[in-house]
Structure formats: structure tokens, C-alpha cells
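The structure under discussion appears below in the form of C-alpha cells.
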Amino acid sequence: MPFKRDRKGNKKEKPPAHLKGKQIGLYYAQKSKQKKELQRNRPLGAILLSAAKKDQIQKVLNSTSLQNLFTVDGGSYDHVADSIFKRDFLRVINETIDEKLMKNPSIPVQDERLSERLYEEYMSKQDNVKYNKMNKKRKKLPSYNMKDEILKVVNESQIVVISGETGCGKTTQVAQFILDDFIEKKKGSECKILCTQPRRISAIAVAQRVAEERAENLGDSVGYHIRLERRSPRDRGSVCFCTTGIVLKMMENDPSLSTISHLILDEIHERDVMSDFILALIKKIITKRKDLKIILMSATLNSEKFSKYYNNAPHVNIPGFTFPVTEFYLEDVIFRTGYIFDHKKISREKIRTYSDFIEPHVRQLEATKQYNRHVCIQLRNPECENINLKLILELLIDICQKEKDKGAILIFLTGFQDISSLSKMISDSGYFPPYQYLVFPLHSLMPTVEQKQIFEEPPHGMRKIIIATNIAETSITIDDVVYVIDCGKIKVTNFDAATNSDILAPQWVSLANANQRRGRAGRVKPGICFHMYSKAREMLLEQFQLPEILRKRLEDVILTAKVLQLGDIEPFFRELIDSPDPETVTLALDLLKRLNALTDDEKLTPLGYHLAKLPMAPQMGKMILFGAIFSCLDPILSVAASLDFKDPFQLPVGKEKEVTRMKLELSRGIKSDHLLFHEALKGFEAHAYDYRNFCWKYFLSVHALKQLQDMKKQFMEYLHEMNFVPDSNPKSLECNRNSHNMSLIKAIICAGLYPNVAISKVLGRAPIWTPNMQKLQLHPKSVLAECKYFDSNILVYYRKIYSNSYFVHDASLIHALPVVFFGDKFHRFYEGDNNMISINQNLKFKCTESTALIIKELRDRFNWFLEYKISHPGPIIWGKNDETKVLEVIMELITCEEMVLDDNAFEDCD
DNA sequence: GAGCACTGC
């Protein structure tokens with residue numbers, strides 16, 4: 001065979017002599033495609049079971065009679081023993097929400113004595129000094145002037161849209177107007193208001209503020225309810241501020257919100273999935289509950305859209321009040337700083353597109369002589385549209401030297417890298433000595449987000465500079481900001497149905513974002529905002545960011561819809577304000593069917609029913625159910641909570657290397673980010689008295705760990721309520737018989753995360769690939785990224801996001817058997833003389849015929865058992881009867897495999 | 001030799 005050598009000197013096959021020019025290229029393309037195909041088809045390894053082991057398994061299989069317990073009967077579930085589970089499950093799959101609403105009418109509460117008492121209490125408060133002092137402040141709010149108009153509209157119609165900008169006071173006042181009106185009319189007992197907020201902190205903060213205005217403590221007429229935390233107000237004559245998710249969960253049991261008189265949905269312009277979802281549910285509810293009042297509150301910009309959605313519901317607009325903020329654009333910044341942009345090589349086409357866009361604007365500037373020639377030349381350079389940290393630094397220096405007001409400066413950037421670089425540039429520049437400037441990088445991963453200092457007034461003679469992501473747009477509010485520098489970009493994850501993956505990319509902000517950023521400069525006095533984009537660019541900005549429902553995977557949303565008994569998904573999605581892409585819907589339905597959460601005709605399975613009830617992504621739900629069955633819950637709860645909420649590690653600027661080192665130390669050589677999360681929580685929970693030192697040492701967020709610990713408890717309560725565990729303590733012995741078995745825990749992680757499997761072609765080497773040979777990279781934050789040698793070629797992961805390339809953010813190295821036992825679509829086949837098995841066609845393993853048969857039987861037996869257990873929830877009783885024998889065999893195989901392969905790995909290393 | 005928007009049950 002003819003060879004030639006490639007650039008690296010390796011032998012390379014020559015193309016046939018008759019091929020010329022382009023054909024040679026095509027020949028090589030074909031070759032590489034074939035090579036990829038070959039790799040795709042290559043088995044990942046061999047599965048070996050000794051004859052003695054097989055004998056032992058066969059004995060267990062012969063001695064148990066589990067298959068008699070369960071026969072599938074075409075969806076009627078007659079075989080399922082009568083139980084609470086069966087009753088609830090059948091109701092959810094067979095009844096529609098409309099039928100449920102009919103059965104659940106509201107009972108108006110009229111308690112004259114209570115109303116009288118509430119009235120007396122309210123009247124006596126009118127002389128309260130503190131109350132009156134607060135009232136004076138309230139009366140200055142723009143919304144206060146519109147009290148009568150708001151009450152009139154709310155009285156006259158079932159649905160009202162109230163719009164107003166920040167500072168108008170709608171969030172704190174509207175609920176109080178309604179409540180006080182009821183009380184004054186001696187109808188206080190008939191009023192029970194629920195008011196939603198999109199974020200946890202705002203629910204608490206608003207409740208505290210309102211209680212203060214009423215000169216009361218939380219728990220009287222005002223309370224809050226967020227996940228894992230609540231201060232309920234009195235039952236009647238009250239307002240409860242809660243997160244949107246809480247209301248959605250309430251509706252699972254009581255879709256008509258039968259005890260509520262008023263539902264206020266605040267900040268609906270943010271268009272998060274949950275509030276969009278509730279908006280659609282309201283349409284169904286209002287026809288059955290004519291007495292329920294709905295008040296929708298949004299920013300002014302898109303309030304019309306909501307009014308139209310409800311058949312032109314009446315709309316009240318409240319003028320806002322903030323201090324004026326002067327706006328400047330890139331033109332002004334270039335003028336001020338005299339900055340000169342570099343010239344970078346870009347394609348001719350991009351130059352032309354840019355020039356078509358900017359030329360009319362620059363010509364106009366030239367004609368009006370608003371700016372000098374320099375500005376016009378610079379604007380014509382396409383480079384001026386990229387984020388330029390040097391220019392931002394020069395602007396910052398200019399502000400500090402020339403502007404008289406010494407208020408705080410807030411800079412919006414897109415991500416960790418930029419924030420970190422700009423912080424370094426600021427301290428290296430020499431213009432910002434630490435005794436005059438307090439510089440705070442602000443990012444969800446940075447420890448500064450938990451520092452009080454950011455909110456406080458700086459010491460005399462010092463000035464705050466905050467460099468933040470969009471976290472400072474809504475989540476974190478710093479009052480004394482006077483200058484805002486807005487880079488004009490924002491990072492957003494979009495789900496891409498074509499590649500079935502999330503894409504994280506910077507894009508231009510929407511006008512709504514830009515307004516919000518600008519508004520951050522005018523909270524206490526007049527401010528200045530610098531937008532780092534031209535007036536021409538502003539003309540092209542979208543009004544709003546894409547609503548979340550168009551950017552997300554839809555598995556969770558579909559499960560929620562199912563458990564709310566909304567029937568077929570597509571008709572319901574069509575009723576939403578914006579309907580998601582059908583392709584994304586299909587992908588989500590397919591995955592739910594593969595997880596065995598939905599049947600082929602889109603009905604919830606018993607497993608799906610449990611997954612829908614659990615407050616987490618379905619993969620994590622499956623994981624904790626398996627953790628309960630295999631009695632290794634505590635570690636699995638830690639993993640599930642961390643993956644579903646957030647990993648507790650922080651990343652201080654400039655400490656990247658050290659964080660990596662400490663993570664490796666904590667992971668003790670186990671190649672799994674998931675087990676690292678478990679170690680973090682284990683350490684935190686073990687150091688009851690000096691957890692702060694532990695957290696400090698390993699760069700862990702105390703706040704995040706506490707919340708994760710609470711989530712574990714909550715998950716346990718759900719499992720207990722579902723009757724999968726005997727009590728609700730995550731640490732209880734019955735639930736943790738096997739919690740020391742790391743191989744088992746990794747196998748259960750695999751059971752939850754499957755089909756998110758990645759493989760490396762060469763044992764122990766990066767790069768890694770999807771089974772369909774898409775190239776992946778381990779994210780540098782993963783402990784596996786540092787790993788020089790893998791002792792297996794299979795790993796499972798939860799998050800895969802495309803940014804510069806496809807990054808796997810968290811991973812665990814696992815061996816073959818967990819995939820073989822817990823993966824779907826098991827096949828046995830021959831390749832030549834070799835007996836093979838495959839999972840989902842794309843993960844192949846060699847093995848003998850008898851091994852394949854015995855594994856298949858074990859798998860079938862386990863799946864029977866699983867299906868039985870899921871539809872007959874009850875704690876597993878170990879060692880007493882047949883049911884645990886199959887589990888024990890599987891566990892033993894999984895554990896042995898790891899030990900054998902570890903030895904092989906050592907030999908390979910030598 | 002790498003790099004990580006933000007919420008929520």
C-alpha cells in the first residue's frame with residue numbers, strides 16, 4: 001500500500017493516483033469520516049465475569065420470584081395495590097384540570113366578628129406614632145396618589161394590569177391598598193392576598209418593608225413564603241409575599257387557589273418560565289372562580305402585551321420616580337478620552353456589513369458637526385464594537401479626575417474573565433491607590449457577593465468601584481451608585497434544538513437591560529450612565545430579552561404541566577404568551593420517554609409522577625429515588641442538591657490555581673466532581689463548630705452549603721411523604737447502609753445522569769467525545785480537567801454548555817457496569833465471531849454469550865423490581881426477603897468491577 | 001494550557 005508522510009512525520013495513506021485537486025481533499029474528508037465511524041463503532045471494553053460469579057448470580061436469580069409480583073397491564077394499573085399513591089396517581093393521569101376546578105370551588109370566608117376585630121385594630125393604629133411616620137413617607141410615593149383609581153379598577157374588573165417604573169412604589173403599596181380597603185369596609189376576613197416575586201431575596205425584603213410600613217412584625221398581617229423558609233401571616237386579612245415557584249407548587253394541590261381572594265403577580269415583564277406558566281393557568285381558573293381578583297404588575301414598556309393577552313384587561317399606569325440620569329454613548333466616550341482602537345483583521349464581508357450599518361450614522365454626525373473628526377474615524381473601525389477594557393479603564397480614570405461627585409461607580413461587564421482582567425488592570429494602573437479606592441469584583445462565583453462592605457458607605461475620602469455582571473441589574477442593589485458604565489453586552493444561555501445543547505454567548509443587551517442598568521445610577525441622587533455602544537447600535541437593540549421559555553430545555557416544564565393535569569402538551573403550549581419551538585418540545589418529550597417518565601402517548605408513568613412532584617430536575621429525582629432504593633441517600637442527596645442548585649465552590653479573583661489545588665486535595669484522588677460536592681457537604685456537616693475554617697480553607701460558600709443542607713432535608717421530606725424512606729433524616733442509618741460504597745454511589749449518579757455519557761477513545765486520555773463523536777472538553781473547574789490519566793474511558797456528566805467549545809462542567813469517571821445496568825436499550829448481537837452487547841446502540845462492550853445472557857436477566861429482574869417499587873412505594877427491607885437479593889448482586893458486581901479495573905490501570909501505568 | 005450569565009420549587 002502506498003504511503004506518504006504528513007507534517008508530523010507519520011505515515012499517511014496516499015490518495016489513488018487518478019484523483020486531482022479538489023478530489024484529493026474530498027478523498028481525505030471521506031477517509032476521516034470513515035475513521036470516525038470506525039471509532040464510533042469500537043467497543044469501549046470487555047465485561048468479564050468468572051464462572052463462579054455467574055453460578056452465584058444464577059443461584060440468586062433462581063431463588064427469587066420477583067417477576068411474579070408484577071405484570072404490566074396496559075396502563076390501567078389494576079395490579080397496583082390500593083394505596084394513597086395509587087389513588088393520587090390515577091387521579092392525576094385520568095382527571096383534567098377543568099374537572100378538578102369544578103370539584104374545588106372556593107368557599108368565601110365571612111367572619112363578621114373577625115372583620116370587626118381587624119377593623120378595631122386598624123383604627124387604633126391610626127394614632128400610632130411609628131405608623132404615622134411611615135405613612136408620611138408612603139404618601140410621597142407616586143402610587144399613593146393613584147390609590148383610589150387603583151382600587152376602583154380592581155373592584156370593577158377581575159383582571160387588572162398595573163404598570164410603573166422603579167420607584168413608583170407599586171410593589172409595596174398595591175397589596176396594602178387592597179387589604180386596608182377591605183378592613184375599612186369591615187370585610188377584612190374576606191381578604192387574603194398572595195403576591196409573587198421572581199426572587200427569594202425580594203420576597204423577604206418586600207415583606208419586611210411592608211410590615212415596617214404597617215408598624216407591625218412579620219407574621220401579623222404580612223408574611224413571606226419562599227422555598228425552605230417561611231413566616232406566614234395570619235390566615236385572613238393578610239398579605240403573603242412569595243416566590244412564583246411556591247404558588248405553582250400550591251396549584252398542584254389546589255389549582256383554583258381556593259383560599260385566596262387576590263393574586264398579585266409582580267415583575268411579570270421579566271418573563272420567567274414560572275410567571276408565564278401561571279399567566280396561562282389563570283385563563284383556566286378565572287372562568288371557574290369569578291370572585292378571584294388578579295392583579296398583574298409589570299414595567300411600562302410591555303404592559304400592553306399582558307392586557308391584550310387577557311382580552312384587553314384594564315390597565316393603570318403609575319408614573320415612576322427616580323433621579324434623572326444623564327446618558328452618554330460611545331461617541332461621547334471616544335470624544336472624552338481620545339481613544340484610538342486597534343485594527344484587527346476581519347473578513348471583507350464583515351467590514352462591509354459593519355460599514356453599511358455605521359456609515360449613515362457617522363455621516364449624520366459629520367453633517368451636524370456634533371463630534372470631531374477623530375470620533376468619526378474611530379466609529380468607522382468595527383473594532384469599536386467589541387468590549388474594550390483599556391477604553392473602560394481610560395474612561396474610569398477620566399471620571400475620577402474630572403467629575404466632581406465622588407459617588408460609587410458601577411461597571412457592567414459580561415463574565416468572570418473580563419471582571420477579573422479589569423480588576424487587575426485597575427490595580428496595576430497606579431491611578432487607583434488602595435487607600436483611596438475600594439474595588440469590588442462582583443460575580444456569582446466570587447466571595448464578594450456575600451460581603452456587606454459592598455452595600456455600605458465607604459470610609460471618608462474613599463470611593464467604591466464595583467465591577468459586576470448582570471447580577472447587579474436586579475439581584476444586588478447598591479444604593480449609592482452615581483456612575484454606571486454599561487459595556488452593552490450580556491451573556492445568555494440559549495438552548496439550541498439543532499445541536500441539542502445549551503449555548504452560552506455574549507450578545508447585545510436589550511433596551512430593557514440598558515434601562516435597568518442606567519437606573520442603577522439614579523437611586524439616591526442624579527447620576528450619569530455611559531453606554532459603550534453608539535447611538536446607531538442603540539437603534540437596533542431589541543426591546544426585551546427573549547422570554548425564558550424560548551431559551552430553555554423543557555423537561556421540567558412539561559412534567560409540571562403534566563402534574564397540573566393540563567393534558568396534551570402542545571395545546572397548552574399554544575396558550576402561553578409565547579409558545580416554545582416545536583423541535584425543543586419534541587426533544588424534551590423524547591428524553592422524558594427515555595427516562596421512562598412518560599408513556600408513548602404522553603401520559604405520566606408512575607416514575608414520571610414522582611419525578612414531577614419532586615422539586616428538582618427529573619434526572620436528580622431519578623438519582624435520589626435510586627439512592628433511596630440502594631440505601632446510600634446522604635451522599636446522593638448532596639450530589640443531587642449541588643447539581644440542581646449550584647456547586648458550593650467559590651472562585652476569588654487571582655486564586656484560580658489555589659482553588660484547583662484545594663479541590664484536588666478535598667477530592668482525595670477520586671475522579672469525580674460529584675463526589676467532591678459530597679465531600680464538601682460532608683466536611684461542612686462534620687465541622688459543626690468550626691465550619692467557617694473548613695469553608696475558608698476550601699473556598700466554599702457557607703451560604704450555599706447551608707442552603708444545600710436545607711435542600712437535602714427537603715428532598716428527604718418528600719421521599720418520606722412518598723413513603724420511600726422510613727423517616728426524614730438524611731443521616732438515618734436505614735437510608736445509609738451503603739453510603740460508604742463509592743463505586744455504588746458513582747453508579748447511582750450514572751443512573752441519574754444517563755444518557756449524559758462521554759467517552760475517551762484512548763483509555764485514559766483526553767479529549768473526550770460524545771458517543772456520536774462530538775468533541776467535548778472538560779471544563780477547567782472540573783477536578784478531572786487536571787487529571788493526567790483516567791482509569792476508565794467512560795464518564796457521566798450533567799451540564800454540557802457550548803461557549804468557545806463544548807465544555808462538560810461536572811463529571812464522574814465510571815466503569816462499564818453502571819452504564820450496562822442503568823442505561824437504556826440493551827442489545828445483544830454478534831460482530832463477526834464476537835458476542836457483543838450495546839446500550840442505546842452507541843456504547844458497545846465485548847463479552848461472552850453466557851455473561852451477556854446473565855447480565856440481561858439481572859437487568860430485567862432489576863427493572864421489574866424498580867417498576868414494582870415505584871408503583872408500590874415503601875421502604876426497602878434489607879436481608880429479610882427476596883427483594884434485596886438482586887440489589888445486593890448488582891451492588892457486588894459494580895463494586896468488584898472497580899477493584900479489578902483499578903489493578904489493570906496500575907499495570908498500564910508501569 | 002485551558003475558563004465559568006442569572007434565577008427558582
Side-chain angles (χ1 to χ4, degrees), chain A residues 196-203 225-230 242-252 267 270-278 412-421 442-446 449 468-476 487 489-494 502-507 509 513 516 545 548 551-552 556-557 559-560 563-564 611-618 620-621 641 644-647 649-651 653 656-657 659-660 673 707 710-711 714-715 717-718 766-767 777-782 784-786 788 799-805 807-810:
Chain A
T196 70
Q197 292 294 315
R199 277 166 294 280
R200 292 165 58 87
I201 16 164
S202 42
H225 187 180
I226 58 177
R227 183 186 191 176
L228 308 171
E229 211 179 314
R230 70 190 292 179
C242 59
T243 33
T244 328
I246 292 281
V247 175
L248 212 47
K249 272 279 165 204
M250 285 178 184
M251 288 172 125
E252 279 179 20
E267 317 274 14
E270 289 189 16
R271 300 297 313 276
D272 56 287
V273 172
M274 291 196 207
S275 55
D276 272 16
F277 208 110
I278 294 183
F412 283 100
L413 293 178
T414 57
F416 191 92
Q417 201 86 74
D418 280 347
I419 292 175
S420 168
S421 309
L442 195 62
H443 183 286
S444 66
L445 289 178
M446 294 173 184
V449 293
T469 58
N470 40 324
I471 199 168
E473 252 180 54
T474 48
S475 303
I476 290 179
C487 75
K489 303 270 172 82
I490 188 166
K491 270 189 184 171
V492 181
T493 33
N494 281 296
D502 287 327
I503 300 174
L504 174 67
Q507 55 185 50
V509 291
N513 293 126
Q516 185 66 24
Q545 249 182 283
E548 195 191 5
R551 296 191 282 111
K552 254 187 64 143
D556 298 25
V557 188
L559 281 182
T560 310
V563 85
L564 282 161
L611 297 182
K613 287 265 172 182
L614 288 166
M616 62 193 87
M620 266 47 92
D644 203 62
F645 175 47
K646 65 169 157 194
D647 97 48
F649 287 93
Q650 294 183 321
L651 195 49
V653 170
E656 292 87 338
K657 287 258 145 53
V659 173
T660 308
D673 294 300
Q707 202 161 339
D710 289 344
M711 282 174 74
Q714 190 196 26
F715 292 176
E717 278 158 12
Y718 270 89
Q777 234 174 307
L778 281 161
H779 194 280
K781 79 176 176 183
S782 164
L784 273 76
E786 287 289 308
K788 295 280 186 291
R799 238 176 268 275
K800 178 186 83 179
I801 303 173
Y802 182 85
S803 52
N804 295 319
S805 65
F807 280 104
V808 166
H809 285 234
D810 55 276

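Reckoned from all heavy atoms, side chains included, excluding hydrogens, waters and symmetry mates. It should be emphasised that the depicted structure is a prediction, and the values quoted were computed from it without experimental measurement.
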Under 4.0 Å between any heavy atoms, over every strand shown, what does A:Leu248 touch: base, sugar-phosphate, or nothing? Just pick one. nothing

Opening and closing nucleotides of DNA chain B in contact with chain A, under 4.0 Å to non-hydrogen atoms: B:dA2 to B:dC9

Which part of the nucleic acid does A:Ile226 contact within heavy-atom distance under 4.0 Å: base, sugar-phosphate only, or nothing? sugar-phosphate

Just call it for A:Arg199: base, sugar-phosphate, or nothing, with non-hydrogen atoms closer than 4.0 Å on any strand. sugar-phosphate

Identify whether any heavy atom of A:Pro198 sits under 4.0 Å from a base atom; if not, whether one sits that close to sugar-phosphate; answer base, sugar-phosphate or nothing. sugar-phosphate

Hey, does A:His809 reach any base, or is it just sugar-phosphate, or nothing, if we go heavy atoms under 4.0 Å? nothing

Salt-bridged, A:Lys249 to A:Glu252, with N to O below 4.0 Å? yes

For A:Glu717, all residues meeting salt bridge (charged side-chain N to carboxylate O under 4.0 Å, His left out), sequence neighbours excluded: A:Lys713

For A:Ser803, report the nucleic acid contact type (base, sugar-phosphate, nothing); a contact means any heavy atom under 4.0 Å. sugar-phosphate

Within the 4.0 Å heavy-atom criterion, would you say A:Ser475 contacts the bases, only the backbone, or no part of the nucleic acid? sugar-phosphate

Strictly distance-based, threshold 3.5 Å: is any side-chain N or O of A:Arg200 a donor or acceptor partner for the main-chain N or O of A:Glu229? no

Partners meeting salt bridge (charged side-chain N to carboxylate O under 4.0 Å, His left out) with A:Arg199 (sequence neighbours left out): A:Glu270

Considering every strand and a 4.0 Å limit on heavy-atom distances, what is the contact class for A:Glu656: base, sugar-phosphate, or nothing? base

Partner residues of A:Lys781 under the side chain to side chain contact (heavy atoms under 4.5 Å, CB included) criterion, sequence neighbours left out: A:Asp647, A:Lys663, A:His779, A:His809

Would you kindly compare A:Gly245 and A:Arg799 by the position of their nearest DNA chain B nucleotide and give the one closer to the 5′ end? A:Arg799

With a 4.0 Å cut-off on heavy atoms, is A:Glu786 in touch with a base, just the backbone sugar-phosphate, or nothing at all? base

Looking at residues at least two apart in the chain, or sitting in another chain, which of them share a salt bridge (charged side-chain N to carboxylate O under 4.0 Å, His left out) with A:Glu786? none

A:Glu267: salt bridge (charged side-chain N to carboxylate O under 4.0 Å, His left out) partners, not counting sequence neighbours: none

Under 4.0 angstrom, heavy atoms only, what part of the nucleic acid is A:Asn804 near: base, sugar-phosphate, or nothing? sugar-phosphate

Under 4.0 angstrom, heavy atoms only, what part of the nucleic acid is A:Ile246 near: base, sugar-phosphate, or nothing? sugar-phosphate

